[in-house]
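First up is the structure itself, then whatever we jot down about it.
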Amino acid sequence: SVPECILSGIMSVNGKKVLHMDRNSYYGGESASITPLEDLYKRFNLPGTPPESMGRGRDWNVDLIPKFLMANGQLVKMLLYTEVTRYLDFKVIEGSFVYKGGKIYKVPSTEAEALASSLMGLFEKRRFRKFLVYVANFDENDSRTFEGVDPKKTTMRDVYKKFDLGQDVIDFTGHALALYRTDDYLDQPCQETINRIKLYSESLARYGKSPYLYPLYGLGELPQGFARLSAIYGGTYMLNKPIEEIVIENGKVVGVKSEGEVARCKQLICDPSYVSDRVTKVGQVIRVICILSHPIKNTNDANSCQIIIPQNQVNRKSDIYVCMISSAHNVAAQGKYIAIASTTVETAEPEKEIKPALDLLEPIEQKFVSISDLFAPTDLGTESQIFISRTYDATTHFETTCDDIKDIYKRMMGSEFDFEEMKRKKNDIYGEEEQQ
């Protein structure tokens with residue numbers, strides 16, 4: 001999936017010899033985009049073929065896992081520094097919306113929108129604005145910007161108190177700007193939250209409509225782009241390779257057996273599906289892919305958007321998300337929209353849990369429901385040299401995936417992942433001139 005493809009690209013640039021094997025006939029594993037539409041029907045065991053009204057099957061590229069890229073986030077930096085951007089075209093997502101009291105409201109993206117927004121009253125807006133100015137000026141390396149807050153000790157709850165922000169504004173800030181899925185962050189030191197709000201604001205400032213980007217033709221383009229990068233640096237790719245056995249000697253990986261042959265290696269990166277004995281189940285995510293013939297109500301007919309349903313609003317522990325894209329991104333037939341609702345499973349009836357999101361999407365032409373187990377490694381690779389990525393969580397952006405990639409890099413290489421060094425290594429091989 002994406003972490004493995006990115007790491008194979010990065011390791012190739014780092015001068016490592018990389019062999020990338022995949023049991024599937026396509027790149028990206030669970031982060032693939034499924035085309036034609038017939039394949040999606042097959043994958044979800046739906047009887048028959050898509051109706052005529054769905055248009056041409058080939059016009060569809062449907063992500064199994066919905067994610068957007070933060071315009072100023074880590075994945076965009078990895079794409080820029082490795083120049084994988086050459087192979088991709090991005091479009092900005094038209095708006096982010098937040099759910100409050102059964103209705104959806106646009107998350108303001110300009111000062112004027114903020115003033116006109118009915119999300120909060122006039123006095124709240126003033127206090128909120130003061131808070132945002134504080135966050136914008138906050139610099140973790142300059143204590144003059146702290147105003148009595150200790151970023152490593154003061155909790156976020158206390159920072160909200162300092163600015164006298166009410167519960168609705170707190171919900172909105174923590175979930176629609178800092179993009180937390182739960183409220184655990186409130187009692188943790190505020191530095192992480194302040195940095196997340198800064199990331200949101202800086203990403204928003206890049207393009208102005210929303211902080212999110214999405215690649216034309218779907219997220220399946222990402223793993224393919226990094227696969228190309230790996231190939232440029234001498235990496236080898238093999239698709240359709242069934243993995244028969246991971247060969248271990250004295251507790252350490254020495255190779256991978258496929259079709260009777262062993263490819264020898266010093267280190268191995270894989271997703272949890274290849275090593276069920278070295279991972280543990282940490283939860284479940286429900287995702288519902290919905291095909292619509294109309295934009296989502298109350299989004300001003302946006303051809304793409306995100307909707308966040310904060311957990312407090314629906315008496316849950318974790319948020320519900322909706323990502324919507326359309327034929328504007330070459331992922332659906334003309335006049336069709338794909339909305340994917342997702343959340344962390346909390347009860348024995350996940351379909352009931354996700355209902356508030358589906359209610360916003362009605363009428364729905366076709367639904368594809370999946371419930372996936374989430375796995376995390378129990379073996380961190382120190383001895384075995386097997387490095388296992390985590391399953392995609394329910395967040396709608398790639399920031400947590402990038403944290404995982406950096407964590408695996410550090411465990412493999414023994415040093416922190418450094419964007420600048422990545423850039424330098426690339427220049428050594430390509431030379432400065434060619435990059436202009």
Side-chain angles (χ1 to χ4, degrees), residues 1-2 4-5 21-68 87-91 93 214-228 237-243 271 273 285-296 303-305 321-342 350-351 354 357-358 361-373 391-392 396:
S1 57
V2 167
E4 287 74 30
C5 291
M21 298 159 92
D22 198 322
R23 60 166 90 90
N24 296 309
S25 58
Y26 50 84
Y27 295 111
E30 57 171 355
S31 49
S33 309
I34 304 300
T35 182
L37 189 58
E38 289 73 6
D39 283 12
L40 191 68
Y41 274 66
K42 273 188 217 136
R43 199 179 175 108
F44 283 88
N45 299 320
L46 291 186
T49 50
E52 290 286 290
S53 62
M54 294 287 186
R56 276 195 354 189
R58 287 253 155 245
D59 290 343
W60 295 82
N61 285 291
V62 184
D63 298 330
L64 297 174
I65 301 206
K67 297 255 182 205
F68 291 149
Y87 313 123
L88 299 163
D89 281 316
F90 288 97
K91 241 182 171 166
I93 294 297
Y214 182 83
L216 291 183
Y217 300 104
L219 294 174
E221 296 294 296
L222 290 170
Q224 290 192 50
F226 281 100
R228 281 184 176 175
Y237 261 74
M238 291 182 174
L239 296 173
N240 289 317
K241 287 297 273 186
I243 306 299
D271 74 43
S273 68
V285 176
I286 177 170
R287 298 185 175 97
V288 183
I289 300 171
C290 302
I291 294 181
L292 319 176
S293 293
H294 57 88
I296 299 171
N303 66 33
S304 58
C305 68
Y321 293 113
V322 176
C323 282
M324 191 272 278
I325 46 192
S326 65
S327 50
H329 305 86
N330 305 355
V331 295
Q334 208 48 48
K336 299 287 179 188
Y337 300 80
I338 302 170
I340 308 183
S342 56
E351 292 206 42
I354 206 148
L358 302 186
L361 306 177
E362 293 294 350
I364 298 168
E365 207 168 325
Q366 182 64 56
K367 276 196 314 215
F368 305 86
V369 181
S370 68
I371 294 166
S372 316
D373 292 341
T391 320
Y392 284 119
T396 61

Requested in this report: Walk me through it: do Tyr217 and Ser33 pass the test side chain to side chain contact (heavy atoms under 4.5 Å, CB included)?
Outcome: CA-CA 8 Å; Tyr217 300 104; Ser33 309; over 6 Å; no
Measure the spacing between [atom1] of [X] and [atom2] of [Y] and express it to the nearest 0.5 Å.
X: Arg56; Y: Leu37; atom1: CZ; atom2: CG; result: 12.5 Å
X: Ile371; Y: Arg287; atom1: CD1; atom2: CZ; result: 11.5 Å
X: Met54; Y: Asp59; atom1: CE; atom2: CG; result: 13.0 Å
X: Ser370; Y: Leu64; atom1: OG; atom2: CG; result: 7.5 Å
X: Thr35; Y: Asn330; atom1: OG1; atom2: CG; result: 11.5 Å
X: Cys290; Y: Leu361; atom1: SG; atom2: CG; result: 5.0 Å

May I ask you to test the [X]-[Y] pair for a side-chain heavy-atom distance under 4.5 Å?
X: Pro363; Y: His294; answer: yes
X: Arg23; Y: Ser273; answer: yes
X: Tyr237; Y: Cys5; answer: yes

**Report entry** Residue pair Asp63 / Tyr214, side-chain donor-acceptor N/O under 3.5 Å
**Finding:** yes
Query raised in the report: Just checking, is any N or O donor in the side chain of Ser293 or Lys336 under 3.5 Å from an acceptor N or O on the other one?
Result: yes
Requested in this report: Could you check Tyr337 against Met324 for side chain to side chain contact (heavy atoms under 4.5 Å, CB included), going step by step and ending with a plain yes or no?
Outcome: CA-CA 7 Å; Tyr337 300 80; Met324 191 272 278; 3.7 Å; yes
Query raised in the report: Any sub-3.5 Å donor-acceptor pair from Asp22's side-chain atoms to Asn24's backbone N or O?
Result: yes
Report task. Could you tell me whether a side-chain N or O of Tyr392 sits under 3.5 Å from a main-chain N or O of Val2, the two making a donor and an acceptor? Result -> yes
What are the two closest non-hydrogen atoms of [X] and [Y], and how far apart are they?
X: Ala328; Y: Leu216; result: O-CD2, 3.7 Å
X: Ala357; Y: Ala341; result: CB-CB, 3.9 Å
X: His329; Y: Ser304; result: CE1-CB, 3.3 Å
X: Ala339; Y: Leu292; result: CB-CD1, 4.1 Å
X: Ser327; Y: Ala333; result: CB-O, 3.4 Å
X: Val331; Y: Gly218; result: CG1-N, 3.5 Å

Partner set under side chain to side chain donor-acceptor pair (under 3.5 Å) for [X], not counting sequence neighbours:
X: Ser342; result: none
X: Asn61; result: none
X: Thr391; result: none
X: Ser53; result: Glu365

Report task. Go through the steps for Gln224 and Leu88 under the test side chain to side chain contact (heavy atoms under 4.5 Å, CB included), then give the verdict. Result -> CA-CA 10 Å; Gln224 290 192 50; Leu88 299 163; over 6 Å; no
Report summary line: salt bridge (Lys or Arg N to Asp or Glu O under 4.0 Å) filter on Lys367, not counting sequence neighbours, yields none
Requested in this report: Output all residues satisfying salt bridge (Lys or Arg N to Asp or Glu O under 4.0 Å) with Asp89, sequence neighbours left out; order by chain, then residue number.
Outcome: none
**Report entry** Test log, rule side chain to side chain contact (heavy atoms under 4.5 Å, CB included), inputs Leu40 and Trp60
**Finding:** CA-CA 9 Å; Leu40 191 68; Trp60 295 82; over 6 Å; no
Report task. Please indicate whether Glu362 has more than 12 foreign heavy atoms, meaning atoms of other residues, nucleotides or ligands, lying under 6.0 Å from its CD. Result -> yes
